[in-house]
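Accompanying notes for the structure given below.
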Amino acid sequence: QVQLAESGGGLVQAGGSLRLSCAASGLTFSTYAMGWFRQAPGKEREFVAAINWSGGRTHYADAVKGRFTISRDNTNNTVSLQMNSLKPEDTDVYYCSRGRSSSGSSYRSLYDDWGQGTQVTVSS
């Protein structure tokens, strides 16, 4: 059974930084792309960033490009999201997810297995 556990969320002032981590188990981690999504109450879950199986290819939503960095450690089965220059509009619950293939995608429908999420709150 695949399990994904996010951590690292919290409260930060605008302009600050947070680093989210996602620990994966129950899968051959290095063969799958991984992604980060976020969701506000009453809104659709939206794509944030994706990374392919090797970490050699990444993809970002326009809203976070240049501020967020996704990375992975296939030895320790973790994927991380470094978030810098945070804005109040980045306030959401952040989820990591396993891609269906080894390449990354921005399409939510191409992801299976989701974590419970971690709350990120950015104050102005």
Side-chain angles (χ1 to χ4, degrees):
Q1 182 180 357
V2 176
Q3 292 188 323
L4 302 172
E6 302 95 339
S7 62
L11 173 64
V12 64
Q13 288 188 329
S17 299
L18 281 175
R19 185 177 180 86
L20 306 183
S21 293
C22 174
S25 61
L27 75 166
T28 306
F29 182 76
S30 62
T31 64
Y32 293 102
M34 297 295 294
W36 285 96
F37 289 74
R38 64 187 184 185
Q39 187 172 20
K43 293 189 176 181
E44 292 289 318
R45 192 168 295 186
E46 65 176 16
F47 170 75
V48 176
I51 190 166
N52 76 332
W53 67 277
S54 69
R57 183 173 296 178
T58 57
H59 180 48
Y60 298 93
D62 288 344
V64 307
K65 201 171 294 183
R67 300 188 297 121
F68 291 11
T69 303
I70 188 171
S71 60
R72 67 188 296 157
D73 181 345
N74 285 346
T75 299
N76 293 308
N77 289 4
T78 58
V79 58
S80 299
L81 186 68
Q82 177 66 42
M83 305 186 296
N84 298 328
S85 302
L86 282 161
K87 305 175 181 180
E89 51 263 43
D90 294 318
T91 296
D92 274 320
V93 178
Y94 284 70
Y95 300 87
C96 72
S97 184
R98 175 187 65 82
R100 287 184 186 171
S101 70
S102 59
S103 59
S105 171
S106 61
Y107 293 100
R108 179 184 170 185
S109 61
L110 295 182
Y111 287 83
D112 297 316
D113 302 311
W114 298 83
Q116 293 298 308
T118 185
Q119 176 71 48
V120 171
T121 303
V122 185
S123 63
S124 58

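Position 1 is the first residue of the sequence; numbering continues from there. These numbers come from the heavy atoms of this one structure, side chains and all, not from hydrogens, waters or symmetry mates.
- Although no hydrogens or angles enter the test, the distance criterion places a donor-acceptor pair under 3.5 Å between the side chain of Arg67 and the main chain of Ser85.
- Between Trp114 and Arg108 there is a side-chain heavy-atom pair separated by less than 4.5 Å.
- Contact between Gln82 and Arg19 at its shortest, heavy atoms only, is OE1-NH1, 3.2 Å.
- Salt-bridge check for Asp62 with Lys65: passed, with a basic side-chain N closer than 4.0 Å to an acidic carboxylate O.
- At least one donor-acceptor pair under 3.5 Å links the side chain of Glu6 to the backbone N or O of Gln116.
- In the hydrophobic clustering, where aliphatic and aromatic side chains (Ile, Leu, Val, Met, Phe, Trp, Tyr) are joined below 4.5 Å either directly or transitively, Leu81 groups with Val2, Leu4, Val12, Leu18, Leu20, Leu27, Phe29, Tyr32, Met34, Trp36, Val48, Ile51, Tyr60, Val64, Phe68, Ile70, Val79, Met83, Leu86, Tyr94, Val120, Val122.
- At distances below 3.5 Å, at least one donor-acceptor pair connects side-chain atoms of Asn74 with backbone N or O atoms of Trp53.
- Contact between Ala50 and Ser105 at its shortest, heavy atoms only, is CB-O, 3.7 Å.
- Lys87 contributes atom NZ, which lies 14.0 Å from atom OG of Ser124 (distance to the nearest 0.5 angstrom).
- Residues forming a side chain to side chain contact (heavy atoms under 4.5 Å, CB included) with Val93 (at least two apart in sequence, or on another chain): Tyr95, Gln119.
- When atom types are taken as modelled, the side chain of Ser97 and the backbone of Asp112 share a donor-acceptor pair closer than 3.5 angstrom.
- Distance OG1/Thr118 to CZ/Arg38: 14.0 Å, rounded to 0.5 Å.
- Smallest separation of non-hydrogen atoms from Ala14 and Pro88: CB-CD, 4.1 Å.
- Side-chain N or O atoms of Asn52 include none that pairs as donor or acceptor with a backbone N or O of Ser102 at under 3.5 Å.
- Residues Gln39 and Lys43 share a closest heavy-atom pair of NE2-O, 3.0 Å.
- Atom-to-atom distance recorded for Asn77:CG and Thr28:OG1 is 9.0 Å, nearest 0.5 angstrom.
- For Arg57, the CZ atom is loosely surrounded, since the number of other residues' heavy atoms within 6.0 Å does not exceed 12.
- Rounded to the nearest 0.5 angstrom, Asp73 CG and Thr78 OG1 are separated by 4.5 Å.
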